[in-house]
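Letters go in sequence order (proteins before strands), and every chain restarts at 1.
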2 protein chains.
Amino acid sequence: MGKGQQTRETIVGTALEVASVAGLDGLSIGDLAGRLGLSKSGLFAHFGSKEALQRAVLDAAVARFVATVVRPALARPPGLPRLEALVTHWIGWIEACGLPGGCPLLAAAVEFDDRPGPIRDMLRREQALWRDTLVRAARLATGLGHLRPGTDADRLAFELSATAYGYAVQQRLIGGPVLAAMVRAVLADILARVRVDDVAGRA
Amino acid sequence: MGKGQQTRETIVGTALEVASVAGLDGLSIGDLAGRLGLSKSGLFAHFGSKEALQRAVLDAAVARFVATVVRPALARPPGLPRLEALVTHWIGWIEACGLPGGCPLLAAAVEFDDRPGPIRDMLRREQALWRDTLVRAARLATGLGHLRPGTDADRLAFELSATAYGYAVQQRLIGGPVLAAMVRAVLADILARVRVDDVAGRA
DNA sequence: TTCCTTTCCGCACGACCGTTCGTTATCCTC
DNA sequence: GAGGATAACGAACGGTCGTGCGGAAAGGAA
């Protein structure tokens, strides 16, 4: 990896931390250069435009999410264990993604959902992709007989994702261990309603 | 109402539209003055600081939410009808609150959840207040015998609110009538699970 | 060592930011 | 009609914004 590439990654890493608090639009080339001991123009040369920097930051956020949530879950056996791992790691990510400002993907989605352009296109694509990941995992779990036959994968994915998104929204302002326990109980119940309990037979 | 007060309300109304798209921090005094045919200094004099303008905009957003969602629902008879009305009007607000950028309260909550200050304090207070409104409605419905005895009002309120928040997050980027139908079905099922069905007896 | 490329800097530009100040219209009250 | 408050203005302040250009330093290949 050349020096330029390394510098670029350092910049994007710091920018991701800043953006998680100030938002993608709150990023400032001058401020970022100051934090890193670089000149404004030197930092700018790595990207060519502020929007390109924002896109790089978003890419980094997605990569972090995939590494923290998706990849570990896909390593679990297919079916219910994998679906449960997706949800569990997601909740963990919401509570502690390692960035000072909470989940940058949720923040960016809410920030850019009404501003046409490549950023919104990226967000739309990533959110749809994540949704599909959940739906596919649910469908697979049904196919493997872990969930009741006839389970609506789209709806199950929506119930799980809406609960997690809703938790993410409330967790930052209200938060607390009570809420943390509640979201876990709710998610467990959603799954329990469609799970095939191979001890007691179907409900 | 004096002329100043009227101008102030015009400013805040336009600012609310802008902020719903650009965010509270995306508000710009100069831009706002240009839209309204006012001078920067003339507009500024009405508030004294940008933060005071942001607070006024937030107040206006809350007032709009109360007028559109809370008040009509509180006009319904207490118990299950009122709780259902709260949720139904909320979903309606999420889909069409009359502002170009979607629900400004959700946007502000995500934007400011990690920035200490009076804005975040206001948001925290309002979000907690809205939560309490749902919890109280649920508790009242249980007390009136509309919901199963022993129903956990906190948890029911969380299930409903998380579903709505989660819908709000996904609706703007993915959206569509399928999702709209799904959230309504999910909310109906959440209520059906705790409702006392006085025709067929408890389940 | 030489040479070329990559990396970064200093400087500057025009635009816009929030804010302040002094001044001018407009209106209500006496 | 005079006097005082209210409302809005224009100009300017110091800063920061994203961006562009020319040159200096650093690195690697020959």
Side-chain angles (χ1 to χ4, degrees), chain A residues 1-60 108 111-112 115-120 122, chain B residues 1-60 108 111-112 115-120 122:
Chain A
M1 173 169 53
K3 172 130 195 261
Q5 194 61 27
Q6 183 177 332
T7 305
R8 219 186 111 104
E9 293 189 9
T10 307
I11 294 171
V12 171
T14 303
L16 182 54
E17 290 186 15
V18 175
S20 82
V21 174
L24 273 184
D25 236 22
L27 283 176
S28 141
I29 310 242
D31 169 75
L32 221 45
R35 289 173 192 261
L36 294 165
L38 287 182
S39 69
K40 248 183 13 165
S41 52
L43 191 150
F44 181 82
H46 282 276
F47 302 95
S49 78
K50 181 176 178 179
E51 201 201 76
L53 167 65
Q54 292 176 322
R55 275 186 271 118
V57 169
L58 226 175
D59 274 329
E111 186 182 4
F112 279 85
R115 305 191 213 172
I119 303 274
R120 187 179 71 169
M122 289 178 66
Chain B
M1 171 171 52
K3 173 133 193 260
Q5 194 62 26
Q6 182 177 332
T7 305
R8 218 186 112 106
E9 293 190 7
T10 306
I11 295 171
V12 171
T14 303
L16 182 54
E17 291 186 14
V18 174
S20 82
V21 174
L24 273 182
D25 237 20
L27 282 175
S28 142
I29 311 236
D31 169 75
L32 221 45
R35 289 172 193 262
L36 293 165
L38 287 182
S39 68
K40 248 184 9 164
S41 53
L43 191 150
F44 181 83
H46 282 275
F47 302 94
S49 76
K50 181 176 177 178
E51 200 199 78
L53 167 64
Q54 292 175 322
R55 275 186 271 119
V57 168
L58 226 174
D59 274 330
E111 186 181 4
F112 279 84
R115 305 191 214 172
I119 303 274
R120 187 177 70 167
M122 289 177 67

Please list, in numerical order, the residues of residues 11-24 of chain B that have a heavy atom closer than 4.0 Å to any atom of DNA chain C.
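Per residue number, the list is empty: none.
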Does Phe44(A) have any side chain to side chain contact (heavy atoms under 4.5 Å, CB included) partners at least two apart in sequence or in another chain, and if so, which?
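Listed in chain order: Ile29(A).
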*Under the side chain to side chain contact (heavy atoms under 4.5 Å, CB included) rule, collect the residues that match up with Arg120(B), sequence neighbours excluded.*
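Side chain to side chain contact (heavy atoms under 4.5 Å, CB included) list for Arg120(B), sorted by chain: Leu173(A), Pro116(B), Arg124(B).
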**Item:** Beyond-backbone contact of Phe47(B) with Val12(B), side-chain heavy atoms, under 4.5 angstrom
**Value:**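 Sidechains of Val12(B) and Phe47(B): in contact.
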When every non-hydrogen atom of Leu27(B) is compared with those of Lys50(B), the smallest separation belongs to O-NZ, 2.8 Å
In whole angstroms, how far is the [atom2] atom of [N] from the [atom1] atom of [X]?
X	N	atom1	atom2	result
Glu9(B)	dA7(D)	CD	C1'	16 Å
Leu38(B)	dG10(D)	CG	P	10 Å
Leu36(B)	dA8(D)	CG	P	11 Å

*Taking only side-chain nitrogens and oxygens of His46(B), does any of them come within less than 4.0 Å of OP1 or OP2 of dA8(D)?*
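Looking at the OP1 and OP2 atoms of dA8(D), one of them is under 4.0 Å from a side-chain N or O of His46(B).
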Margin query: For Glu51(B), give me all partners under salt bridge (charged side-chain N to carboxylate O under 4.0 Å, His left out), at least two apart in sequence or on another chain.
Written below: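 Salt bridge (charged side-chain N to carboxylate O under 4.0 Å, His left out) check on Glu51(B) returns Arg55(B).
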Looking across every strand, which nucleic acid part, if any, lies under 4.0 Å from Leu43(B) by heavy atom: base, sugar-phosphate, or nothing?
nothing
### Task
Pick base, sugar-phosphate or nothing for Gly37(B), based on heavy-atom distances below 4.0 Å to the nucleic acid.
sugar-phosphate
d(Leu58(B) CG, Leu53(B) CG) to nearest 0.5 Å is 10.5 Å
Sidechain-backbone polar pair: Glu111(B) side chain, Gly23(B) backbone, donor-acceptor under 3.5 Å: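 Side chain of Glu111(B) to backbone of Gly23(B), a donor-acceptor pair under 3.5 Å: no, none is there.
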Exercise. Scan for side chain to side chain donor-acceptor pair (under 3.5 Å) pairs involving residues 14-27 of chain A, sequence neighbours excluded, and state none if there are none.
Key: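 Passing the test, one end in residues 14-27 of chain A: Asp25(A)-Gln54(A), Asp25(A)-Arg115(A).
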Protein heavy-atom contacts under 4.0 Å, written 5' to 3' over nucleotides 15-28 of chain C as B (base), S (sugar-phosphate only) or - (none), form the string --BBBBB-------
